[in-house]
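Notes for the one structure printed next.
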Amino acid sequence: MRIATWNVNSIRARIDRVTDWLARSDVDIVALQETKCRDDQFPTDRFRDLGYDVVHDGRSQWNGVALCSRVGFDDVTVGFAGQPSWGEPPEVEARAIGATCGGVRVWSLYVPNGRALDDPHYRYKLDWLDHLRTTTAGWLADEPDLPLALMGDWNIAPCDDDVWDMAAFDGDTHVSADERAAFRSVLDAGLTDVVRPHTPGPGVYTYWDYKQLSFPKRRGMRIDFILGSPSFAKRVTRASIDREERKGKSPSDHAPVIVDLG
DNA sequence: ATGGTGGTGGAACCA
């Protein structure tokens with residue numbers, strides 16, 4: 001079974017690229033982030049034409065997460081227990097959707113950006129990750145052998161090798177000690193980065209800013225991850241980052257991240 | 001080659 005995650009930065013702007021990629025990638029499940037549309041705007045038929053069912057949570061032009069599966073859906077869950085709210089009035093944003101597909105529990109997650117270290121959104125980001133950690137620990141306590149994958153755009157570069165130049169990020173979000181500690185806490189709930197062993201760095205990234213020729217200059221960040229429980233991780237036979245998808249006409253600023261299970 | 005921000009919505013915000 002092949003599973004992937006991809007921040008597409010608008011599914012409507014990217015639908016042809018996404019379906020072209022799906023048609024040649026032999027992926028069974030793909031988690032999408034930043035679909036940037038409401039449920040009624042999601043191009044579900046384009047996925048059905050390729051044999052994929054879709055579950056999506058989107059309520060505005062912001063955020064939006066989806067799972068596309070050709071191995072079925074069970075127990076679809078929108079949001080996780082304790083997921084913090086944002087905005088005025090406060091609401092739980094469309095940043096998490098989970099389902100069981102082909103016997104694997106998968107989540108498509110879009111972690112809040114944080115914006116700036118002194119921005120309330122930064123507190124929201126840390127709080128969001130703390131509640132995700134608590135909820136994940138509960139799932140694995142209830143079912144230690146659960147094959148679980150938390151996939152998505154984590155908006156954190158966990159190690160110095162995960163950015164092209166640490167000096168360029170001085171005082172910025174994504175690399176702060178608190179964000180890195182929050183990411184490690186999620187791992188400590190019982191998950192591992194199942195992609196890194198197959199895609200060693202340095203210089204291996206999943207995201208390149210649209211600005212300032214970041215991609216051709218290889219100035220990227222590794223912020224998209226597939227974190228697996230022990231029973232998931234032991235089935236992983238290979239993994240890759242499809243940086244070819246960052247090339248060409250009208251790409252997302254993120255590349256797909258892929259794992260194969262035996 | 002991989003190319004000098006892009007998406008949404010229709011101004012300003014988000015990333």
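Hydrogens, waters and symmetry mates are skipped; everything else that's a heavy atom, side chains included, is used. Labels below follow one simple rule: chain letters A, B, ... track the order of the sequence lines, proteins then strands, and each chain is numbered from 1.
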Rounded to whole Å, please give me the gap between [atom1] in [X] and [atom2] in [N].
X	N	atom1	atom2	value
A/Q33	B/dA15	CD	P	14 Å
A/N63	B/dG7	CG	C1'	13 Å
A/N113	B/dC13	CG	P	16 Å
A/D119	B/dC13	CG	C1'	13 Å
A/H121	B/dC14	NE2	P	8 Å
A/W208	B/dG4	CH2	C1'	18 Å
A/W154	B/dA15	CH2	C1'	19 Å
A/K125	B/dC14	NZ	P	15 Å

CZ (A/R218) with more than 12 external heavy atoms under 6.0 Å |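 It does not: A/R218 CZ has 12 such atoms or fewer within range.
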
With sequence neighbours left out, what residues match A/D130 under side-chain hydrogen bond (donor to acceptor under 3.5 Å, both in side chains)?
->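 A/R133.
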
Non-neighbouring partners of A/R184 that pass side-chain hydrogen bond (donor to acceptor under 3.5 Å, both in side chains), sequence neighbours left out =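 With neighbours one apart ignored, the set is empty.
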
For residues 20-34 of chain A, pull every pair meeting salt bridge (charged side-chain N to carboxylate O under 4.0 Å, His left out), keeping only residues two or more places apart or in separate chains.
->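 The answer is A/R24-A/E245, A/D26-A/R70, A/D28-A/R70.
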
List for me each residue that meets side chain to side chain contact (heavy atoms under 4.5 Å, CB included) alongside [X], sequence neighbours excluded, and say none if there are none.
X	value
A/R219	A/W164, A/S214, A/K217
A/D127	A/P84, A/H131
A/V204	A/R196, A/T199, A/I241

Results of salt bridge (charged side-chain N to carboxylate O under 4.0 Å, His left out) for A/R46 - residues two or more places apart only =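 Per chain and number, A/R46 pairs via salt bridge (charged side-chain N to carboxylate O under 4.0 Å, His left out) with A/D16.
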
In sequence, state the C-alpha distance, the side-chain angles, and the governing distance for A/D162 and A/R180, and then conclude on salt bridge (charged side-chain N to carboxylate O under 4.0 Å, His left out).
-> CA-CA 11 Å; A/D162 297 327; A/R180 288 178 169 180; over 6 Å; no

Identify the pairs formed between an N or O of the protein and an N or O of nucleotides 8-10 of chain B at a distance under 3.5 Å, and give each distance.
| from | atom 1 | to | atom 2 | distance (Å) |
| --- | --- | --- | --- | --- |
| B/dT8 | OP1 | A/S10 | OG | 2.4 |

Are A/F80 and A/L67 connected, step by step, through hydrophobic side chains (Ile, Leu, Val, Met, Phe, Trp, Tyr) whose heavy atoms are closer than 4.5 Å?
->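 The answer is no; the residues belong to distinct hydrophobic clusters.
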
List the atom pairs, donor and acceptor, that lie under 3.5 Å between side-chain atoms in residues 140-154 of chain A and the rest of the protein, sequence neighbours left out.
| from | atom 1 | to | atom 2 | distance (Å) |
| --- | --- | --- | --- | --- |
| A/D153 | OD1 | A/N155 | N | 3.0 |
| A/D153 | OD2 | A/N7 | ND2 | 3.0 |
| A/W154 | NE1 | A/F225 | O | 3.3 |

Verdict with supporting geometry, A/W86 and A/H121, ring pair (Phe, Tyr, Trp, His ring centres under 6.0 Å) | CA-CA 8 Å; A/W86 176 257; A/H121 209 261; 4.7 Å; yes

Duplex segments of DNA chain B, taken as runs of at least three Watson-Crick or G-U pairs that stay under 3.5 Å =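 Consecutive-pair runs (3 or more) involving DNA chain B: B:5-8 with B:12-15.
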
Positions of residues 209-222 of chain A (non-hydrogen atom under 4.0 Å from DNA chain B), listed by number |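 Hits under 4.0 Å, by residue number: A/Y210, A/K211, A/Q212, A/L213, A/F215, A/P216.
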
Return the residues of residues 241-256 of chain A meeting this criterion: a heavy atom under 4.0 Å from some atom of DNA chain B. Order them by number, or give none.
->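 Contacting residues: A/K247, A/G248, A/S250.
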
Does A/R14 place a side-chain N or O at less than 4.0 Å from the phosphate oxygens OP1/OP2 of B/dG6?
->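 Answer no for this pair, as no side-chain N or O of A/R14 is under 4.0 Å from OP1 or OP2.
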
Grab the two heavy atoms, one from A/Q33 and one from A/L109, that are nearest each other, plus how far apart they are.
->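 Scanning both residues, the minimum pair turns out to be CG-O, 3.2 Å.
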
Within the structure shown, what part of the strands sits under 4.0 Å from A/Y110 by heavy-atom distance: base, sugar-phosphate, or nothing?
->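 Contact class for A/Y110: sugar-phosphate only.
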
Which value, rounded to the nearest 0.5 Å, describes the distance between A/T35 atom OG1 and A/Y110 atom OH?
->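 The OG1 atom of A/T35 sits 10.5 Å away from the OH atom of A/Y110.
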
Considering only the C1' atoms, how many Å lie between B/dT8 and B/dG4, rounded to the nearest integer?
->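 The same atom, C1', in both gives a distance of 23 Å.
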
Can you tell me how far P in B/dA15 sits from the matching atom in B/dG9, rounded to whole Å?
->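 That atom pair is separated by 15 Å.
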
